[in-house]
**Q** 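The structure that follows is given in the form of structure tokens.
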Amino acid sequence: TMTKPFHAGRAAHAGLVSARLAELGFSAAPDALEHPQGVLSAVSPEGKADRDGPVPRLGEEWAILKHGLSIKKYPACYCTHRALDAMLELLAKRSLKPAEIARITVSISKTHSLILRNHAPQTGLAAKFSMEFAMAASVISRRASLGEYTDEFVRRAEVQELMRRVAIVTNENYDPEISGASVYDRVTVDLVNGERVESEQVRRARGHAERPLGEAELFDKFRTCLDAGHARISPERLFDRLRTLETISARELTAV
């Protein structure tokens, strides 16, 4: 629904507004966290917070350094990403047309299957949580970008028809390092001529810290996001500014 993307967008908006207000001298209580009626008390059990005791490991280990930075390549639920990679990599090796395909079978974890609850989506928002749509979009468009996750594209007759030929098989062979995910996802395509083609086992999605996006892939995702938002600044210029984010202000970053 609209609420899901609103959460992330609202958080980003609040962060940017906060930075701009701070730059202009906007002030707040300096003890908002530790005050007896502050945030720490509000989120502590029964309001009892240990303000004087040691804080285990604070500043000793940085999660972003330990786990690395992962970036979502596709504008959809992350549960679809490994299967999308599998299908697109398969299509790069063999250019299959929708008419050649009798059935697409996707192997994912039981948990991810429960999350991908929309099996016959009619809107772009619902399609974000649909493996059937992810497979249909990748075959028809050879990509899964913001341009595909629109009501108009989702409702195309060929998309709706191909979604009905997608089947999901689940397993409980869970990856010990990725909560809810199977050890790997895989896509199998049965063709109308009786032939079967199978993707590689995809254990990490493109964009995961262990399989980072290349410069061109990262900029392509960035550009499509700005295009969808009808940005007034050129993608190249803003992308270059973001490379030096630590040295510029929020106002300089977004200046047209």
Side-chain angles (χ1 to χ4, degrees), residues 1-81 109 111-112 114-115 117 125 128-129 146 174-181 204-213 218 221-222 225-226 228-229 231-233 235 237-256:
T1 68
M2 292 181 180
T3 304
K4 184 67 166 62
F6 178 79
H7 284 165
R10 185 67 185 86
H13 175 267
L16 183 58
V17 170
S18 297
R20 284 184 165 177
L21 288 173
E23 184 182 29
L24 293 171
F26 195 91
S27 62
D31 57 352
L33 298 179
E34 68 273 19
H35 190 277
Q37 292 175 301
V39 175
L40 185 59
S41 292
V43 300
S44 297
E46 301 179 359
K48 298 177 181 178
D50 182 5
R51 293 174 175 78
D52 301 317
V55 181
R57 302 180 66 82
L58 182 64
E60 295 179 11
E61 182 178 81
W62 296 89
I64 197 170
L65 296 179
K66 178 181 179 180
H67 302 291
L69 179 64
S70 297
I71 297 176
K72 292 177 68 175
K73 182 177 181 180
Y74 310 109
C77 176
Y78 199 62
C79 298
T80 66
H81 284 219
S109 74
T111 299
H112 281 188
L114 292 171
I115 294 170
R117 55 183 289 183
L125 288 171
K128 290 175 181 287
F129 286 81
L146 286 170
Y174 289 107
D175 190 313
E177 296 181 4
I178 303 181
S179 178
R204 297 290 184 267
R206 294 284 301 140
H208 187 278
E210 295 178 19
R211 292 186 70 200
L213 297 176
L218 190 60
K221 174 180 171 64
F222 184 76
C225 287
L226 263 64
R232 293 177 296 164
I233 188 172
R237 184 181 304 172
L238 185 54
F239 193 72
D240 285 340
R241 289 178 185 174
L242 286 167
R243 295 169 187 269
T244 58
L245 183 62
E246 69 276 12
T247 65
I248 62 176
S249 71
R251 194 171 304 282
E252 290 172 318
L253 174 65
T254 58
V256 176

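Computed from heavy atoms alone, side chains included, the values below leave out hydrogens, waters and symmetry copies.
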**Q** Can you run down the ring-ring contact (aromatic ring centres under 6.0 Å, His included) pairs that involve residues 237-256, sequence neighbours left out, and say none if there aren't any?
**A**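 Every pair satisfying ring-ring contact (aromatic ring centres under 6.0 Å, His included) with a residue in residues 237-256: Phe219-Phe239, Phe222-Phe239.
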**Q** Any luck finding a side-chain donor-acceptor pair between Ser179 and Tyr174 under 3.5 Å?
**A**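 Side-chain D/A pair, Ser179 to Tyr174: absent.
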**Q** Please step through side chain to side chain contact (heavy atoms under 4.5 Å, CB included) for the pair His112 and Tyr78, ending with a clear verdict.
**A** CA-CA 9 Å; His112 281 188; Tyr78 199 62; over 6 Å; no
**Q** For the residue pair Arg211 and His208, confirm or rule out a side-chain donor-acceptor distance under 3.5 Å.
**A**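 Not at all, the side chains of Arg211 and His208 share no donor-acceptor pair under 3.5 Å.
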**Q** Would you name the heavy atoms of Leu125 and Pro5 that are closest together and state the gap between them?
**A** CD2-CG, 4.0 Å
**Q** Residues in side chain to side chain contact (heavy atoms under 4.5 Å, CB included) with Thr244, at least two apart?
**A**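 Expected list: Thr247, Ile248.
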**Q** Does a side-chain heavy-atom distance below 4.5 Å link Leu253 with Leu238?
**A**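 Yes, their side chains come closer than 4.5 Å.
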**Q** Check this for me: Gln37, atom CD, are more than 12 non-hydrogen atoms of other residues, nucleotides or ligands nearer than 6.0 Å?
**A** no
**Q** Any donor and acceptor pair, going by atom type alone, linking the side chain of Arg206 with main-chain N or O of His81 inside 3.5 Å?
**A** no
**Q** Glu23: which residues meet the salt bridge (charged side-chain N to carboxylate O under 4.0 Å, His left out) condition with it, sequence neighbours left out?
**A**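 Glu23 satisfies salt bridge (charged side-chain N to carboxylate O under 4.0 Å, His left out) with Arg251 only.
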**Q** Checking Glu210 now: which residues fulfil salt bridge (charged side-chain N to carboxylate O under 4.0 Å, His left out) with it, not counting sequence neighbours?
**A** Arg204
**Q** Give, for atom NE2 of His7 and atom NZ of Lys4, the distance between the pair rounded to the nearest 0.5 Å.
**A** 9.0 Å
**Q** Does a sphere of radius 6.0 Å around CD in Glu46 hold more than 12 heavy atoms from other residues, nucleotides or ligands, not counting ones at 6.0 Å or beyond?
**A** no
**Q** Restricting to non-hydrogen atoms, name the atom on Ile233 and the atom on Arg241 that form the minimum distance, rounded to 0.1 Å.
**A**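 Shortest heavy-atom separation between Ile233 and Arg241 comes out as CD1-NH1, 3.3 Å.
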**Q** Over all heavy atoms of both residues, which pair between Ala250 and Leu16 is shortest? Give the atoms and the distance, please.
**A**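 What the structure gives for the nearest pair is CB-CD1, 3.9 Å.
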**Q** Extract all donor-acceptor atom pairs below 3.5 Å that involve side chains of residues 65-75 and protein atoms in other chains or at least two apart in sequence.
**A**
residue, atom, partner, partner atom, Å
Ser70, OG, Ala209, N, 3.0
Lys72, NZ, Ala76, O, 2.8
Lys73, NZ, Glu217, OE2, 3.2
Tyr74, OH, Asp85, OD1, 2.6

**Q** Can you see which heavy atom on Ile115 is nearest to which on Cys79, and at what distance?
**A**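 The answer is CD1-SG, 3.9 Å.
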**Q** Of all the heavy-atom pairs spanning Ser41 and Pro36, show the shortest one and how long it is.
**A**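 Minimum heavy-atom separation between Ser41 and Pro36: OG-O, 2.8 Å.
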**Q** Is it the case that over 12 heavy atoms from other parts of the model lie below 6.0 angstrom from the CZ atom of Arg232?
**A**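 Open: at most 12 neighbouring heavy atoms sit under 6.0 Å from CZ of Arg232.
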**Q** Looking at Gly180 and Thr111, what are the two nearest heavy atoms and their distance?
**A**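 Shortest heavy-atom separation between Gly180 and Thr111 comes out as O-CB, 3.6 Å.
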**Q** For Arg237, give me all partners under salt bridge (charged side-chain N to carboxylate O under 4.0 Å, His left out), at least two apart in sequence or on another chain.
**A**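 Expected list: none.
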